[in-house]
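Each remark here refers to the structure printed beneath this line.
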Amino acid sequence: MSTAEAFPDGGSMGERMRTHDWAATPLGPAETWPQSLRTALSIMLSSAFPTYLAWGPELTSFYNDAYIPIMGDKPNGLGRPFPEVWSEVWDTIGPITERAMRGEASYFDDLPLTLMRRGYPEQTWFSFSYSPIRDETGGVGGVLCTIHETTERVQAEAALRESENKLAAILEQLPVGVGLVDPEGNIVLSNQILQQYALEKIPSRDPMQGERWRSYTPDGQRLSRSDYPSARALRGETVVPGVDFLVTLPDGQEIWTRVSAAPFRNTAQEGLGAVFVVQVVEREKRTEQALRESEARLQAAIDLVGLSAYTWNPVTGALDWDARLKAMWGLPPDAPVDEAVFLSGVHPEDRPRVEAVIAQCSDPAGPGLYAIEYRVIGIEDGVERWVSTQGQTTFEDGHPVAFMGAALDITERKQAEASLRESEERFRQFAEHSSSTLWILNFETMNLEYLSPAFESIWGEPRGEVLGDPSRWSRFLHPDDRERARGALERVRLGEISTEEFRIIRQDGVVRWIRNTFFPIRDAQGQIRRAGGIAQDITRQDGRFVYVVDGEEATHQALSRFLRDAGYRVRVFSSGKSFLEAAPALAAGCVVLDICRFGAGGLVIPRELKARRIGLPVIVLGDAKGDVTFGVQVMKAGAVDFLPVPYGSDQLLAAVASALASTHEEDEQNEAERGRRRIAEMSEREREVLAGLLAGKTNKEIGRDIGLSPRTVETHRAHVMQRLGVQTLSQAVLVATSAGFESPSPGPKVPQGSDKPAT
């Protein structure tokens with residue numbers, strides 16, 4: 001079948017497939033493709049739903065026109081391997097694809113993914129299914145991915161929750177009972193003051209409550225429930241200032257209240273709801289003074305949170321602003337304001353958004369809500385500020401006639417958010433480039449919330465799999481070391497900082513030694529909710545040798561291959577004599593001695609090493625033949641461990657790691673001494689710069705502290721790194737810390753840019 005016949009239609013992607021050079025791909029020319037692949041492609045190209053197909057062992061990519069927007073600015077993925085097209089999220093979708101290729105279908109709803117499709121990391125959400133596609137052999141030939149991007153909905157729902165939380169917080173600040181009523185008359189949101197009236201429905205919709213809430217006409221007649229403010233609001237009428245009610249409270253007390261209501265609509269499709277407001281106004285005390293006090297309390301509540309209430313007349317364009325709101329625009333209290341003044345202060349980059357939201361809230365087809373955050377450039381002072389404002393438009397006969405809103409200066413919050421983002425970015429860059437593993441553990445869920453990239457090279461596991469499994473972290477720990485590591489975590493719960501060394505056993509059988517510093521992380525209330533840690537791989541297998549002494553070629557080949565695969569440098573000796581002749585000149589390491597062929601006579605090797613004080617620990621492999629005293633003889637001969645055959649591979653790796661670790665403390669002392677000598681050789685300026693680096697300061701901060709320019713600090717910093725023999729800041733910190741370096745006393749300050757002491 002020709003290429004044209006293979007893709008008879010399918011829009012632009014069908015055309016691309018017809019002209020693509022498939023012979024250059026693992027799939028070969030289209031006319032050689034199996035029918036199962038052609039059928040899958042026909043289904044994909046004919047679908048109006050975004051669909052992606054990955055076929056064959058190399059997961060060669062196909063997708064339809066509906067999928068193109070999801071690609072964004074990415075290069076054309078047609079014919080490329082699936083992992084290459086979506087490399088930035090392959091840690092997440094790769095395991096899902098593998099399961100599908102094994103015949104297991106998957107579905108995910110609102111899965112978060114960080115994509116690079118427009119030149120920057122973009123947080124997105126998707127609902128999708130991965131389905132295996134069977135080929136002619138009955139096996140899985142490929143994976144069909146049906147995808148729906150839900151980013152806008154997820155973000156909109158998050159924004160809605162935030163808006164609702166803000167509304168609830170505002171309601172609690174008001175000195176009156178306030179509730180929101182749905183079209184059926186149910187009170188769906190209320191503050192604590194309104195909750196004192198024990199209302200579930202508005203009185204006009206609940207006969208029992210209607211008896212407790214009594215209102216009267218001017219001639220003394222009971223007011224019909226259909227004329228209650230809430231009932232009128234649900235018909236679209238705004239009832240302000242309100243209607244007076246004599247209310248019988250649950251405890252039998254009677255008080256006079258004033259009830260106001262206003263209609264609102266969340267969306268054009270939903271029915272009318274109402275805002276239900278109850279204010280206590282005892283008849284005999286309802287004087288002008290009481291009204292002023294009530295207004296004063298309301299103003300005090302507004303002042304408490306820094307709100308500025310304002311009004312806008314959509315018909316005339318008139319604005320009524322208080323002094324606080326004028327100050328946000330950089331204007332004096334007596335400055336006149338109108339629409340032109342308002343818009344002239346809005347930041348030019350934000351003005352299109354502001355104008356769009358104003359048009360939206362003025363549209364009678366919408367809810368009339370106005371909620372936005374934007375920047376303002378002070379008209380007279382030129383200061384940039386952030387403003388958060390919300391409001392509600394009132395409509396009559398399909399036209400906007402009034403608008404009420406409140407504005408808040410959120411500049412400090414925005415600056416704090418920017419500082420937080422900058423701090424988090426500094427932490428991310430440090431963590432991403434550190435050779436040590438940085439981690440954060442949530443004590444409540446015992447889930448790891450963060451793992452730095454170094455984890456994967458040390459532990460040999462993808463971070464995503466460990467982050468999603470609270471028990472996986474502990475399963476890596478060597479059985480003999482688990483209690484010590486768990487004890488360190490318990491001490492962190494009590495506020496202690498501790499450092500422990502323990503072993504981990506990777507899935508590939510490799511044993512590594514880890515030095516981990518555990519420390520508590522407190523929340524804003526000072527409670528310890530999380531633990532953090534810095535885990536350093538101290539195995540140092542790259543500089544350690546394992547010397548295998550075994551006269552049987554087949555045995556020592558298998559043994560040396562196994563140890564090399566575990567990351568060790570292996571050297572084989574076929575006789576004890578050849579090993580002992582070379583022993584004095586051998587590099588640091590341990591000996592694996594197989595005495596099955598030599599018998600007990602092979603124990604001369606550990607005896608000789610012990611007698612000659614050659615620091616090569618010996619692990620003996622042998623057959624005790626049921627003699628329980630044989631292991632004792634081996635240990636008395638000077639061996640550090642004895643593994644009777646048959647032994648497990650994990651036992652051998654654990655024994656080798658333990659033997660090599662026995663020399664670690666001596667090496668560490670030597671490294672500390674070398675570090676102290678290198679620091680002693682530094683100049684006083686270089687030691688001051690090193691102290692600043694250990695304190696986590698930038699070049700600019702260090703320069704300010706010791707009176708140097710940032711450029712001069714950078715020069716000293718390069719000399720410090722060279723003297724310590726390191727390339728990264730984290731390595732410099734480790735060397736200086738192990739050497740016991742302490743910050744010197746502050747020296748005299750010198751003028752900026754000078755490298756000489758002040759006189």
Side-chain angles (χ1 to χ4, degrees), residues 13 40-41 43-55 59 61-74 77 81-118 120-134 140-166 188 266-267 269-270 440 442 444-451 461-473:
M13 289 309 301
L41 287 174
I43 294 171
M44 180 197 75
L45 290 173
S46 300
S47 175
F49 211 79
T51 308
Y52 195 105
L53 175 64
W55 189 268
L59 297 175
S61 297
F62 302 87
Y63 50 92
N64 62 8
D65 285 3
Y67 192 89
I68 293 175
I70 294 176
M71 293 287 292
D73 297 334
K74 277 181 171 292
F82 195 7
E84 179 183 313
V85 176
W86 292 109
S87 58
E88 69 269 31
V89 291
W90 193 247
D91 285 349
T92 299
I93 66 175
I96 303 172
T97 305
E98 291 176 6
R99 291 199 298 271
M101 290 298 290
R102 295 195 298 266
E104 179 183 344
S106 301
Y107 175 76
F108 294 87
D109 194 23
D110 293 339
L111 181 71
L113 295 171
T114 302
L115 303 183
M116 290 289 295
R117 58 179 180 177
R118 294 182 174 88
Y120 58 88
E122 177 185 1
Q123 183 63 57
T124 64
W125 286 262
F126 288 87
S127 293
F128 60 86
S129 66
Y130 276 33
S131 304
I133 304 299
R134 300 285 177 178
V140 178
V143 181
L144 188 66
C145 315
T146 305
I147 302 170
H148 174 56
E149 183 167 0
T150 60
T151 302
E152 290 187 3
R153 177 178 59 77
V154 171
Q155 292 175 339
E157 290 174 353
L160 176 61
R161 287 192 297 272
E162 181 181 0
S163 177
E164 289 175 343
N165 291 338
K166 288 180 179 178
V188 295
N266 286 323
T267 67
Q269 292 73 32
E270 292 185 10
I440 297 175
N442 186 313
E444 293 184 4
T445 63
M446 294 307 292
N447 265 331
L448 283 163
E449 295 182 339
Y450 177 77
L451 275 176
E461 287 281 317
R463 288 182 290 168
E465 294 185 9
V466 179
L467 289 170
D469 185 349
S471 65
R472 186 129 188 188
W473 171 269

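Because only heavy atoms are used, hydrogens play no part in the values below, and waters and symmetry mates are left out as well, while side chains stay in.
- Taking every heavy atom of both residues into account, Asn442 and Glu444 meet most closely at OD1-N, 2.8 Å.
- Contact of the Phe126 side chain with the Leu115 side chain is registered, since non-hydrogen atoms from C-beta on lie closer than 4.5 Å.
- Among the candidates Arg153, Gln155, Glu149, the single residue satisfying the side chain to side chain donor-acceptor pair (under 3.5 Å) test with Thr151 is Glu149.
- Rounded to the nearest 0.5 angstrom, Leu467 CG and Glu461 CD are separated by 11.5 Å.
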(request) Any chance you could lay out the side chain to side chain contact (heavy atoms under 4.5 Å, CB included) test for Met101 and Leu59, step after step, and finish with the verdict? (result) CA-CA 10 Å; Met101 290 298 290; Leu59 297 175; 4.0 Å; yes
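- Closest of all the heavy-atom pairs between Gln123 and Pro112 is NE2-CB, 3.5 Å.
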(request) Might you work through the side chain to side chain contact (heavy atoms under 4.5 Å, CB included) test for Val140 and Arg102, ending with a clear yes or no? (result) CA-CA 7 Å; Val140 178; Arg102 295 195 298 266; over 6 Å; no
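- Here Asp109 contributes atom CG and Ser129 contributes atom OG; the two are 11.5 Å apart, rounded to the nearest 0.5 Å.
- Taking NZ from Lys74 and CD1 from Ile68, the interatomic distance works out to 15.0 Å, rounded to the nearest 0.5 Å.
- Remark: of the listed residues Tyr67, Tyr52, Phe128, Tyr52 is the sole one forming a side-chain contact (heavy atoms from CB on, under 4.5 Å) with Cys145.
- The CE atom of Met44 lies 8.5 Å from the CG atom of Leu144; values are rounded to the nearest 0.5 Å.
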(message) Assess the residue pair Phe62 and Leu45 against the criterion (side chain to side chain contact (heavy atoms under 4.5 Å, CB included)); give the C-alpha distance rounded to whole Å, side-chain angles, the decisive distance to 0.1 Å, and a yes or no.
(response) CA-CA 9 Å; Phe62 302 87; Leu45 290 173; over 6 Å; no
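- The heavy-atom pair separating Ala66 from Ala48 by the smallest distance is CB-O, 3.5 Å.
- Contact check for Val85 versus Met71: side-chain heavy atoms found under the 4.5 Å cut-off.
- Separating the CD1 atom in Ile147 from the OG1 atom in Thr51 is a distance of 7.5 Å, to the nearest 0.5 Å.
- Taking the side chain as every heavy atom from C-beta outward, Asp91 and Pro462 never approach each other to under 4.5 Å.
- Across all non-hydrogen atoms, the minimal contact from Ser127 to Tyr107 is CB-OH, 4.0 Å.
- In this structure, CD1 in Ile93 is found 8.0 Å from CH2 in Trp86, a value given to the nearest 0.5 Å.
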(request) Check the pair Tyr130 / Phe108 against side chain to side chain contact (heavy atoms under 4.5 Å, CB included), numbers first and verdict last. (result) CA-CA 9 Å; Tyr130 276 33; Phe108 294 87; over 6 Å; no
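- In this structure, Tyr63 contributes its side chain and Gly77 its backbone to a donor-acceptor pair below 3.5 Å.
- The heavy-atom pair separating Ile133 from Ala40 by the smallest distance is CG2-CB, 4.2 Å.
- With Asn64 contributing its side chain and Phe49 its backbone, the two residues share a donor-acceptor pair below 3.5 Å.
- Nearest heavy-atom pair, Arg117 versus Thr124, reported as atom, atom and distance to 0.1 Å: NH2-CG2, 3.6 Å.
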